Protein chains: 4
Amino acid sequence: MAERPLRLGMAGGGPGAFIGPVHRMAARLDDRFAVVAGALSRSIGKSREQGARWGIAADRLYASAEEMIAAEAARDDGIEAIAITTPNASHAAITIAALRAGIAVICDKPMTATLAEAEAVAAVVAQTGVPFALTHAYTGYAMVREARARIAAGAIGPVRKVVAEYPQGWLSEPIEGTNAQAGWRTDPALAGAGGAIGDIGVHALQMAEYVSGLRVTELCAALSRVVPGRRLDDDCNVLLRFGRGVPGVLMASQISAGERNGIRVRVYGERGGFEWAQEVPDRLILRDADNSLRILHDGAPGLSDAARAATRLPPGHPEGLIEAFATLYRDFADAIGGVPGILDGRLPGITDGLRAMRFIELAVRSSETRRWLSFDGETL
Amino acid sequence: MAERPLRLGMAGGGPGAFIGPVHRMAARLDDRFAVVAGALSRSIGKSREQGARWGIAADRLYASAEEMIAAEAARDDGIEAIAITTPNASHAAITIAALRAGIAVICDKPMTATLAEAEAVAAVVAQTGVPFALTHAYTGYAMVREARARIAAGAIGPVRKVVAEYPQGWLSEPIEGTNAQAGWRTDPALAGAGGAIGDIGVHALQMAEYVSGLRVTELCAALSRVVPGRRLDDDCNVLLRFGRGVPGVLMASQISAGERNGIRVRVYGERGGFEWAQEVPDRLILRDADNSLRILHDGAPGLSDAARAATRLPPGHPEGLIEAFATLYRDFADAIGGVPGILDGRLPGITDGLRAMRFIELAVRSSETRRWLSFDGETL
Amino acid sequence: MAERPLRLGMAGGGPGAFIGPVHRMAARLDDRFAVVAGALSRSIGKSREQGARWGIAADRLYASAEEMIAAEAARDDGIEAIAITTPNASHAAITIAALRAGIAVICDKPMTATLAEAEAVAAVVAQTGVPFALTHAYTGYAMVREARARIAAGAIGPVRKVVAEYPQGWLSEPIEGTNAQAGWRTDPALAGAGGAIGDIGVHALQMAEYVSGLRVTELCAALSRVVPGRRLDDDCNVLLRFGRGVPGVLMASQISAGERNGIRVRVYGERGGFEWAQEVPDRLILRDADNSLRILHDGAPGLSDAARAATRLPPGHPEGLIEAFATLYRDFADAIGGVPGILDGRLPGITDGLRAMRFIELAVRSSETRRWLSFDGETL
Amino acid sequence: MAERPLRLGMAGGGPGAFIGPVHRMAARLDDRFAVVAGALSRSIGKSREQGARWGIAADRLYASAEEMIAAEAARDDGIEAIAITTPNASHAAITIAALRAGIAVICDKPMTATLAEAEAVAAVVAQTGVPFALTHAYTGYAMVREARARIAAGAIGPVRKVVAEYPQGWLSEPIEGTNAQAGWRTDPALAGAGGAIGDIGVHALQMAEYVSGLRVTELCAALSRVVPGRRLDDDCNVLLRFGRGVPGVLMASQISAGERNGIRVRVYGERGGFEWAQEVPDRLILRDADNSLRILHDGAPGLSDAARAATRLPPGHPEGLIEAFATLYRDFADAIGGVPGILDGRLPGITDGLRAMRFIELAVRSSETRRWLSFDGETL
């Protein structure tokens, strides 16, 4: 059972932040972490304001993540892990500093702003052996893990087709001038070469591979800038080939007006198919070859250990995104505690991070050249 | 905005408990409460074991709730509120002791074991004026509040029909010998005169009244003991009349095999109807008179302040039962902070508690006599 | 295989009629009947106009059903069956005349306007032995038959609870002055003692008994006249007891604003439950005791003979109400052809008709007296 | 209103046929056609057997469609239209013979076996001016027409993205040896160059264009032969560009195990999106930009004339595929009767047929070369 909570420092999460507070709620939910230090804002005043509200000691609120890492590493009761929820461009530097200080890292996606940074981070992970986790939060849902476990166990036979979609509609109007979230995501200087493909396409890719157990080997992408004046793609459609030649499709869109946050994955095998949709996350649809649908529910008897370990409540008592995030933090605590096989297994890590950054680059290039590319970058 | 967290003591919630830990997660989620004291188990050893895990100081772990109330009331930094998650039979005594000590109470439902106890609690609430809240957790969901707000604002015109259902299937086999949760719920000595009607029927009643804004005035109940050998009702069906003669139906069942936790309410008015189902809690169905369905989603623009205040995440990011519970804790903190109109308003309090206990008694009597009764107890 | 179509005469179905043309489409769909004669309207002119359009020989269009029966009975190639789609008040007389002439009857529901008439019809059915069928059309859906067959075969164990609902919203405004369909249904002189209970409550009763295989033995009804000025019930809620004391609930409403034609039945047994809803008729939901849902589809492999015999198209190709009606006509043709066990079995007949008329009378009386009644009429 | 039924001859539809009888049921349903002649089978014996059952005069049952056309054209009361439900390879010859004889043609899809044949048919249509219709049956559903009408009227603003899917699972095992339907569809000699792309991909294309009002201008296809030993594609994924550069995706699959007949189309515009799925055909989902879903229902008030004209029953009374087919026959009768703008408008005709045949050719070529192609055949 859980012992004392691990000591966590937060980078990001100041007043007005969205994802930082979600990380904190998730980290605390199962008492696997206590938030004891923070560099919550580039403004030390705001950092202290938020930190006080959160009960963090004043002397452990820092002006920058780098300062926090240095100071905490020098304490006997210093942080054992850091949660990185700052803008993407700062991820690589903070991650590398933390890893070198022996502090485990859990980083919001995307891992870095560029593929080159991602490769640099990967080198440090390999070199230091310090745990590095990436919060592809949807992988924390019990029924995603149920699908993954059943497919791995052969429940539907060899996988034959994978469809991953991520439709959103919130960028269907040119709100980048007035909405901060929209602003940086549509600005090449801040978001990198990918718009929707980088923001949500990578979630779809990661989910496709996570659930199916296959890796994409080839792709052909069509990226569009649908809203007039937009400088990065806001709609992406990609043909995929996975290992063994398995066909697939990936769609990611932020101009699908009326859609909320519809990430959904379908994996078909020889003997049936699974479908999971994030907006009703406690259900997993199994299409049987006999044309019946079986809808499996979170918490029900007969589910895998993988799902059970990601469930807090009895059947029919919904858990949501915060709980899914919390499951990643549980996994992260287990990984820090030395449980083997978690990172790059049920908990996304450096491998998923690297693949995502490469995928963005390839998708952009494929779309520009209108050609199929191998995942190694070869034109086909 | 939220200042420092209020100091909360927990009664119940020891190792193996279900609802106690949910209360704690909920209380902490939005930083409105910090759990600083506990009488977590009748075994002080277990109380200390759990308390240590939760970071409660050893000297604030107590052997009983009564001891906790006495000791904490004497401290300058004593608890300001108590969460009661012990077995029903102990609710009244703990509640009364806390209220008399000026400690605000948030109590799991049902409020008490008997109607007489409920009336005693109500007297003390009236006398002391100390806040008393009841965790009918489903009232914490944003879309329940949206329905309530829209109906109150006349969105569907005067209410004409109310149907509240609560089907479960987990007691469809005689598991009371081996399952502790089933054991006490089916034992008249521990659960009182009502089985399913007391355990979940009261949730359906409360939801029907909370959403519709109407009060039940008459009822005719048919309670059944479906599983052979069961000593309390496990299936209940009740005809209702609300104020203005509005007809209604309430169904509560724990032998509806295959059902999970299907509490669902439908309210029809002159110009349309609302439907909400707990298992997909972030959706509210509005049936328009033009035969279209409108499905409203948690977090979307255009929702009421009531719903917005109960929402943490953007559209399409599910929140679940823990978050709904946390919303009740937010309300409770506001009530303690002196915000008027919350208790017995958006946050269930003594009125709902009393009505529920009376409802149980009436339903049992109506079923035995096969007669309609008024809510005042008159045979019709 | 099917031989030549049987010769059918139609009573009712003139210009502007709704249900008469549905009967004709259904009768012809599978080539089991050819419509060769008609008394389509009380106006012989309109009868001829419609008859010409339908290709009926001019000399076989009659001024009244009674005339048609007399004339056709005298022909060598006279009609072998009559479809009665006239207003309720005329059903009994036409039925009795046809049966006495040896002409098989398929009659739209309700069977008659009064219980006394129903008993008179029943006596003639018993006396003549001529086939009599009642078009409770929903029993023609394949998945209703699948549920019935599986329950009869013990798929969910002994039945323990039955819930039948029939919400509609089309009478939520007082349209009786301007809408002919509404006019006669809300007029006691034309519709008899029952409003919604007689119009659609009987469908719910019949469906409950048809699918569950049980019979109602006791009931307690609450009928309401919700729309001001309405003279017959427009909302009905009924507590039921079936044989073996099985509890049940029946709801029928025509003021549930926004509802279309939502007849739905749920039957729970010891080991699971079935749910069927008319608006998605090709699906049958099986709730398994393991908390999964299995959704069975019309046309799929593994379904019962009963469902297969009621299916025309492969899986995923929807069939609707006309096809369900047509299945009743298939059954009726088989019954006329001498196949035993069809009437009062898979095809509703005199028994269902009698029970429905008795149910209306009992529900009205129970509601007025606010007492439970046995199905034999005893006050409990 | 409808006058006398038009005289229809059937090519195909002998004993054991599937689609022929559907055509006949549909043609007769609304009394716009009477089936008076037939070349129902290549065996005259079988043709007569079926014809007798259907009430066709013995002297109007023929040994071949060509013979029927010749003989009927010579009669004063000869057929006015022919329904072609024979194997694809015979479509072109029969169609051309009929058109030259002045007999209107309604042909099952695909229009022909090859693009060259399609062009030949198109030439004769142009030359003779005789009505030619193609039964893309899903275009007969009321809610498909509602979506088309609303999009054309600007309800969601300019279209920005189109996704058309057609997953089936029935060929997920190599059943071609034992299942006749599978046999010819997977045989290049009988089915032509396209497998799934030709059998169902063309439906998806036609639906995408029909509903959106846009035309595909460029495509990049990935066709797979998933089942070992299969000689034609059984899974197809296609990136699309429509006019104005609008992006799209088309998926058609017959190895998506567990899927039945899931054709589904989504069209997103600037201000919302429509979704329609064939398996629940009487519903149209409108995603509003405010994140609510509106589900529109067949038969409801407020729908377009286009939908109303394709509806027979009140709201909540499902209509299915036979009725959708019947709507095409209604349109066809109107077109024969001289109503302008129906063919290649609401009723698919030669244009859709030609585009489909070209699409098959392009998709096969694009997949083989792994290149984008323009709809004119240019490599991009």
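Any value given below was found using the heavy atoms of this structure, including those in side chains, with hydrogens, waters and symmetry copies removed. Numbered from 1 within each chain, the chains take letters A, B, ... in sequence-line order. The structure presented is a predicted model; accordingly, all values stated were derived computationally and were not measured.
- The CD atom of D:Gln254 sits 8.5 Å away from atom OH of D:Tyr166, with the distance rounded to the nearest 0.5 Å.
- Interface remark: A:Ile285 contributes no atoms to any contact with chain D (heavy atom separation under 4.5 Å).
- For A:Arg271, the part sitting under 4.5 Å from any heavy atom of chain D is the backbone (N, CA, C, O) and nothing else.
- With respect to chain A, the highest number of heavy-atom pairs below 4.5 Å among D:Gly245, D:Gly273, D:Ser172 belongs to D:Ser172.
- Both the backbone and the side chain of D:Glu259 come within contact range of chain A, judged by heavy atoms closer than 4.5 Å.
- For the pair D:Arg355 and D:Phe375, the cation-pi criterion (under 6.0 Å, within 45° of the ring axis) is fulfilled.
- The nearest pair of heavy atoms linking D:Ser253 to D:Asp235 is OG-OD1, 2.8 Å.
- Residues D:Leu284 and D:Ile295 form no side-chain contact, since every pair of their non-hydrogen atoms from C-beta on lies 4.5 Å or further apart.
- For A:Glu275, no part sits under 4.5 Å from any heavy atom of chain D, backbone or side chain.
- Heavy-atom distances place the backbone of A:Val238, and not its side chain, under 4.5 Å from chain D.
- Ranked by heavy-atom pairs under 4.5 Å with chain A, the list D:Val249, D:Ile156, D:Leu240 is led by D:Val249.
- When only modelled atom types and interatomic distance are considered, D:Glu146 and D:Ser304 share a side-chain donor-acceptor pair under 3.5 Å.
- For the pair D:Arg287 and D:Tyr268, the NZ or CZ position fails the cation-pi test of under 6.0 Å to the six-membered ring centre and within 45 degrees of the ring normal.
- In this structure, chain D has a heavy atom under 4.5 Å from the backbone of A:Ala289, while its side chain stays farther away.
- For the set A:Gly269, A:Ser256, A:Gly272, the count of heavy-atom pairs under 4.5 angstrom toward chain D peaks at A:Ser256.
- For A:Asn291, the parts lying under 4.5 angstrom from a heavy atom of chain D are both the backbone and the side chain.
- Proximity to chain D (any heavy atom under 4.5 Å) is shown, for A:Gln168, by neither the backbone nor the side chain.
- Taking chain D as the reference chain and counting heavy-atom pairs below 4.5 Å, the highest number among A:Lys161, A:Arg260, A:Arg266 is found for A:Lys161.
- Between A:Glu176 and A:Arg230 there is a salt bridge, with a side-chain nitrogen of the basic residue lying less than 4.0 Å from a carboxylate oxygen of the acidic one.
- For the residue pair D:Arg241/A:Ser224, the side-chain donor-acceptor check at 3.5 Å is satisfied.
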